[in-house]
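Notes follow the structure.
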Amino acid sequence: MIDQPETAQPDTDQPAFAPVRPVDRAKFAALAPDERYSQMLLGHDNGARHCSIAYIQTPPGGGSPEGLHTHEGDQIFFVLQGTMSIEVDGTEHSVEAGNLIVFPAGVPHRNWNDGTEPTVHLAVNAPLPDPAKPFARRVNPASG
């Protein structure tokens, strides 16, 4: 006879895991022209274990809420719409839709929208940021 493993009981403190994470398109469509919005698709509150993923829309003239900053982990953007301006370690780039951006852990960076239409991107943070620590640390441009 083969021993059967015990059936794991669900952890009632954890939210149910959802394999499909729909973007709230109605919320994004209702944004004011100057409003930046981020929807957490995968994070501490919905089952993430190793990374977080957010869907973010940035209006023309908007950008990183912290300005030039760093993170403890890597931050990866995939630009879905528009052209995003970025600065990584003192070098500026213009990044069109369909391209991947990598901000290595600890490297000063920022992003902004220099265009006339909103930019939309997926933001992946790995490892999963510690909710007990600040997500971003502002960097004074003069001190690097």
Side-chain angles (χ1 to χ4, degrees), residues 5-144:
E6 291 183 30
T7 303
Q9 295 299 313
D11 182 349
T12 56
D13 292 336
Q14 291 291 337
F17 181 81
V20 176
R21 311 297 173 101
V23 170
D24 186 348
R25 296 191 188 283
K27 172 69 177 175
F28 283 94
L31 293 175
D34 62 346
E35 191 175 0
R36 180 181 188 275
Y37 185 72
S38 176
Q39 179 185 347
M40 187 60 66
L41 297 173
L42 181 64
H44 287 281
D45 294 339
N46 59 10
R49 293 184 185 162
H50 304 288
C51 69
S52 67
I53 302 174
Y55 183 93
I56 301 171
Q57 180 172 305
T58 303
S64 303
E66 291 294 328
L68 191 64
H69 63 282
T70 62
H71 299 285
E72 287 190 2
D74 293 337
Q75 187 172 54
I76 299 102
F77 289 176
F78 187 80
V79 182
L80 299 166
Q81 176 184 316
T83 300
M84 182 182 291
S85 297
I86 65 168
E87 178 183 347
V88 182
D89 206 18
T91 302
E92 293 186 9
H93 305 270
S94 182
V95 184
E96 295 179 355
N99 287 288
L100 187 73
I101 301 166
V102 179
F103 301 118
V107 174
H109 64 277
R110 65 186 177 112
N111 68 284
W112 67 96
N113 181 353
D114 246 353
T116 57
E117 297 295 323
T119 60
V120 177
H121 68 281
L122 284 178
V124 178
N125 295 285
L128 184 63
D130 182 344
K133 295 181 180 179
F135 173 64
R137 177 164 287 136
R138 186 181 295 267
V139 174
N140 179 345
S143 66

Can you find a pair of side-chain heavy atoms, one from [X] and one from [Y], that are under 4.5 Å apart?
X     : Y      : answer
Met40 : Ser52  : yes
Arg49 : Leu128 : no
Thr83 : Asp114 : no
Pro59 : Arg36  : yes

How close do [X] and [Y] get, counting heavy atoms only, and between which atoms?
X      : Y      : value
Ala54  : Ser38  : CB-OG, 3.6 Å
Pro129 : Phe135 : CG-CE1, 3.8 Å
Pro104 : Val102 : CD-O, 3.4 Å
His69  : Ala136 : CD2-CB, 3.8 Å

Fill in: side chain to side chain contact (heavy atoms under 4.5 Å, CB included) between Val107 and Val88, worked out
CA-CA 7 Å; Val107 174; Val88 182; 3.9 Å; yes

Practice prompt. Assess whether atom CD of Gln81 is packed by more than 12 heavy atoms of other residues, nucleotides or ligands within 6.0 Å.
Written response: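 Enclosed.
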
Taking atom [atom1] of [X] and atom [atom2] of [Y], what is their separation to the nearest 0.5 Å?
X      : Y      : atom1 : atom2 : value
Thr91  : Ile86  : OG1   : CD1   : 9.5 Å
Met84  : His93  : CE    : NE2   : 13.0 Å
Phe103 : Asp74  : CZ    : CG    : 11.5 Å
Leu122 : Ile101 : CG    : CD1   : 11.5 Å
Ser85  : Asn113 : OG    : CG    : 7.0 Å
Ser64  : Ile56  : OG    : CD1   : 9.0 Å

Worksheet entry | Under 3.5 Å donor-acceptor, Arg138 side chain and Glu66 backbone |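 Pair found, side chain donor or acceptor close to backbone of Glu66.
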
Worksheet item: Would a distance-only check, ignoring hydrogens and angles, find a side-chain to backbone donor-acceptor pair under 3.5 Å from Arg21 to Ile53?
Response: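 Checking the backbone N and O of Ile53 against the side chain of Arg21, no donor-acceptor pair under 3.5 Å is found.
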
Worksheet item: What pairs meet the ring pair (Phe, Tyr, Trp, His ring centres under 6.0 Å) rule with one or both residues in residues 111-134, with sequence neighbours excluded?
Response: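 Every pair satisfying ring pair (Phe, Tyr, Trp, His ring centres under 6.0 Å) with a residue in residues 111-134: Phe77-His121.
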
Worksheet entry | Val23: side chain to side chain contact (heavy atoms under 4.5 Å, CB included) partners, not counting sequence neighbours |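 For Val23, the residues satisfying side chain to side chain contact (heavy atoms under 4.5 Å, CB included) (neighbours in sequence not counted) are Arg25, Phe28, Gln39, Leu41, Tyr55.
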
